[in-house]
> 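Would you mind keeping the following structure in view while I ask a few things?
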Amino acid sequence: MIYEKKVLSTPELDSAAAEIRRLADLANDDSHEWTSENESEWNRVNKRYTALRAEINQNDSPSRNFGRPDASAAPQVSDDFDEFFRNTRTGQDVPVVRSDQSFRAACTRNADQAQLQEQYGTLNIGGLMRAMACGCETDQERRALAEGTDSAGGFTVPSFLSATAIDLLRKKSRIFQAGARTVPLESNENSYAKLASDPAPAWRAENTAVVESDPTFSSVVFAPKSLAVMVKVSEELFQDSVNIQQVLMSSLTQALAKEVDRVALLGAGAGNEPEGVNNFTGINTVSMGTNGAAVTSYAEILDAIQAMQDANAGDTTGAIMSPRTLRTYNGLTDSTGQPLMRPNSISNLPFLETTEVPVDQTQGTAGDASSVFLGDFSSLVIGFRQRLRIEVLREVFSSNLQIGFLAHLRCDVQAWHEQAFARITGIIP
């Protein structure tokens with residue numbers, strides 16, 4: 001029997017999908033502060049959407065294994081992880097979290113979700129930071145602070161809430177919007193196996209031996225490094241702001257997201273800094289010339305994609321550049337002055353901008369050059385330790401009537417396939 005691929009849809013499912021789209025747009029709106037109420041609504045709607053899909057699948061017999069909603073209907077935020085890596089040091093299978101999946105769900109997949117919800121409810125990092133500075137207002141805040149206060153006077157945020165903050169960081173980060181994946185790190189050094197080279201098949205004659213060609217494996221070692229950020233808030237803001245929790249949480253996650261973007265793209269790989277795409281040994285490079293050149297077409301984008309294709313990379317999932325470069329591409333015109341359309345092969349390629357891509361690089365005589373980073377960003381994996389630590393700095397800024405918060409987490413950057421990336425260098429105004 002041949003089963004047809006079937007698109008599962010009901011009015012109630014379509015309504016839930018529309019709600020998820022609305023909330024996803026809200027999460028990506030930089031002018032909106034993502035609140036704990038938004039987070040609760042997201043969880044509620046996503047739970048309803050998942051339950052409806054399961055109910056339809058159950059009633060739909062053979063096609064349930066083949067049909068799924070139109071990808072444009074709603075982001076896939078399933079907590080059922082379909083890819084795991086074996087940590088060769090601990091022997092544990094660790095889920096690989098896609099950019100459209102929840103890091104918190106990965107970190108708490110073996111925990112009692114009802115108990116976690118009861119323990120923490122709608123509590124978030126911003127609420128804890130306010131409680132650290134001004135005192136607890138709820139039993140949830142008291143329990144969380146009692147659990148996490150350490151001997152050094154700082155506060156170790158529980159994994160559930162730390163992972164929630166990392167999910168907010170991921171929503172604001174360009175590399176995750178381009179498709180980068182995440183793994184939870186459970187120790188100071190985490191080793192995972194990866195395929196370094198494919199086995200080579202060979203034709204053979206009858207009754208002759210099969211030519212041996214074993215795949216080559218190597219290991220990827222995540223050694224998380226410390227990333228710190230400081231946030232200062234005035235006493236007046238603490239006293240007068242009704243949304244101080246959201247302000248604190250947004251400020252913290254935005255700052256961390258920008259630095260994760262920078263190091264993932266440009267990290268030197270020396271000292272305390274992970275190695276970013278720009279310094280990968282196998283990265284493909286397209287140059288705009290000895291002294292750089294201005295962008296006049298999409299030719300260099302196509303050249304970079306060809307270089308990755310020649311290296312058997314996967315599909316290109318994003319191009320990350322400075323706002324200046326994005327403006328140049330968006331302003332390209334043809335000989336008649338009309339907007340220059342992208343070639344069909346890159347018409348849907350996300351062009352993402354970040355100020356973390358510099359515009360003062362040197363190429364020959366040019367001192368105002370910039371770069372574009374392209375690749376199959378699903379090959380880029382960011383490993384996060386599951387605990388965020390926060391300290392309150394009262395005395396340092398007391399003369400200015402400010403309270404400082406010093407937060408740090410630990411993460412590392414690795415790639416399963418370095419040749420899955422390319423850079424275009426020497427782009428000048």
> For a 4.5 angstrom cut-off between non-hydrogen side-chain atoms, does E137 reach R130?
yes

> With a 4.5 Å cut-off on side-chain heavy atoms, are V263 and E273 touching?
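E273 reaches V263 side chain to side chain.
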
> Hey, could you give me each pair passing salt bridge (Lys or Arg N to Asp or Glu O under 4.0 Å) that has a residue in residues 372-388? Not counting sequence neighbours.
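For residues 372-388: none.
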
> Within a 6.0 Å radius of atom CG on D310, are there more than 12 heavy atoms belonging to other residues, nucleotides or ligands?
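Correct, the count exceeds 12.
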
> Check residues 298-309 and write down every donor-acceptor pair under 3.5 Å in which the side-chain atom is one partner and the other belongs to a residue at least two apart or another chain.
| from | atom 1 | to | atom 2 | distance (Å) |
| --- | --- | --- | --- | --- |
| Y298 | OH | L340 | O | 3.3 |
| E300 | OE2 | Y329 | OH | 2.7 |

> Using modelled atom types and a 3.5 Å cut-off, is there a donor and acceptor pairing between side-chain atoms of E356 and backbone atoms of R262?
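Pair absent, no side-chain N/O of E356 close to backbone of R262.
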
> Let me see the working for V413 and E275 under side-chain contact (heavy atoms from CB on, under 4.5 Å), right down to the final yes or no.
CA-CA 7 Å; V413 179; E275 182 178 73; over 6 Å; no

> Mind checking side-chain contact (heavy atoms from CB on, under 4.5 Å) for D368 and listing every partner two or more places apart, or none if nothing turns up?
R324, A366, I428, P429

> For A165, is there any backbone N or O sitting under 3.5 Å from a side-chain donor or acceptor partner on T253?
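A pair under 3.5 Å: no.
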
> Could I get the full list of side-chain contact (heavy atoms from CB on, under 4.5 Å) partners for D93, not counting sequence neighbours?
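D93 satisfies side-chain contact (heavy atoms from CB on, under 4.5 Å) with F84, R86 once adjacent residues are dropped.
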
> Less than 4.5 Å apart, any side-chain heavy atom of I390 and any of L406?
no

> Tell me the closest heavy-atom pair linking N312 and H417, and the distance in Å.
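That closest heavy-atom pairing would be O-CE1, 3.9 Å.
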
> What residues, two or more places apart in sequence or in another chain, satisfy ring pair (Phe, Tyr, Trp, His ring centres under 6.0 Å) together with F373?
none

> Is E259 reaching over with its side chain to a backbone N or O of L256, donor-acceptor style, under 3.5 angstrom?
no

> Does one side chain, of K258 or T355, offer a donor that lies under 3.5 Å from an acceptor on the other?
yes

> Looking at every non-hydrogen atom in both residues, tell me the closest pair between A407 and L388 and how far apart they are.
CB-CD1, 4.3 Å

> Quick check against the 3.5 Å criterion: does S379 have a side-chain atom that pairs as donor or acceptor with the backbone of W416?
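Looks like no, no N/O pair under 3.5 Å.
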
> Are R98 and S378 close enough, and set up right, to give a side-chain contact (heavy atoms from CB on, under 4.5 Å), and what steps lead you there?
CA-CA 8 Å; R98 298 194 312 265; S378 67; over 6 Å; no

> Does R174 use its side chain to pair, donor to acceptor, with the backbone of E353 at less than 3.5 Å?
yes

> Can you list the residues that meet the side-chain contact (heavy atoms from CB on, under 4.5 Å) rule with A319, with sequence neighbours excluded?
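side-chain contact (heavy atoms from CB on, under 4.5 Å) check on A319 returns M321, L349, F351, V372, L374.
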
> Report the residues that fulfil side-chain contact (heavy atoms from CB on, under 4.5 Å) with D139, sequence neighbours left out, ordered by chain and then residue number.
R142, R143

> Using distance alone, with no hydrogens and no angle criterion, decide if T325 and S322 have a side-chain donor and acceptor under 3.5 Å apart.
yes

> Can you list everything that forms a salt bridge (Lys or Arg N to Asp or Glu O under 4.0 Å) with R394? Sequence neighbours excluded, please.
none

> List for me each residue that meets salt bridge (Lys or Arg N to Asp or Glu O under 4.0 Å) alongside R181, sequence neighbours excluded, and say none if there are none.
E83

> Treating Q101 as the side-chain partner and V97 as the backbone partner, does any N or O pair qualify as donor plus acceptor under 3.5 Å?
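Side chain of Q101 to backbone of V97: no pair is present.
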
> Would you find a donor on one side and an acceptor on the other, under 3.5 Å apart, between the side chain of S162 and the backbone of S159?
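A pair under 3.5 Å: no.
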
> Evaluate whether atom CD of E236 has more than 12 neighbouring non-hydrogen atoms of other residues, nucleotides or ligands under 6.0 angstrom away.
yes

> Measuring only between side-chain heavy atoms, which start at C-beta, is L161 closer than 4.5 Å to L123?
yes

> Check the pair F397, M230 against side-chain contact (heavy atoms from CB on, under 4.5 Å), reporting the backbone distance first and the verdict last.
CA-CA 12 Å; F397 307 106; M230 186 170 62; 3.5 Å; yes

> Whether the S287 and Q363 side chains hold a donor-acceptor pair (N or O, under 3.5 Å, no angle test) is what I'd like checked.
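A pair is found: one side chain offers a donor N or O, the other an acceptor, under 3.5 Å apart.
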
> Would you say the side chain of V183 lies within less than 4.5 Å of the side chain of L185, judging by non-hydrogen atoms?
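In short, these two side chains touch, coming nearer than 4.5 Å.
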
> Do the non-hydrogen side-chain atoms of R410 and F384 ever get within less than 4.5 Å of each other?
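When only atoms from C-beta onward are counted, F384 and R410 do not touch, as no gap falls below 4.5 Å.
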
> With a 4.5 Å limit on heavy-atom distance, are the side chains of V357 and L266 in contact?
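Of all side-chain heavy-atom pairs linking L266 with V357, none is under 4.5 Å.
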
> Enumerate the ring pair (Phe, Tyr, Trp, His ring centres under 6.0 Å) contacts for residues 249-268, please, sequence neighbours excluded, ordered by first and then second residue.
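For residues 249-268: none.
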
> So, does Q419 use its side chain to make a donor-acceptor pair with the main chain of N284 at under 3.5 Å?
no

> Examine distances only and state if a side-chain atom of T316 and a backbone atom of G375 form a donor-acceptor pair shorter than 3.5 Å.
no

> Could you work out, with side-chain hydrogen bond (donor to acceptor under 3.5 Å, both in side chains) as the rule, every residue matching Q414, not counting sequence neighbours?
D412

> Stepwise, does the side-chain contact (heavy atoms from CB on, under 4.5 Å) test hold for V277 with R423?
CA-CA 9 Å; V277 171; R423 64 188 168 199; over 6 Å; no

> So, D167 side chain and F103 main chain: donor-acceptor pair closer than 3.5 Å or not?
yes

> What residues, two or more places apart in sequence or in another chain, satisfy ring pair (Phe, Tyr, Trp, His ring centres under 6.0 Å) together with F421?
F280, F377

> Can you find a pair of side-chain heavy atoms, one from V392 and one from I403, that are under 4.5 Å apart?
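Result yes, sub-4.5 Å side-chain heavy-atom pair found.
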
> Side chains of S99 and R170: donor-acceptor distance under 3.5 Å anywhere?
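Side chains of S99 and R170: no pair found under 3.5 Å.
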
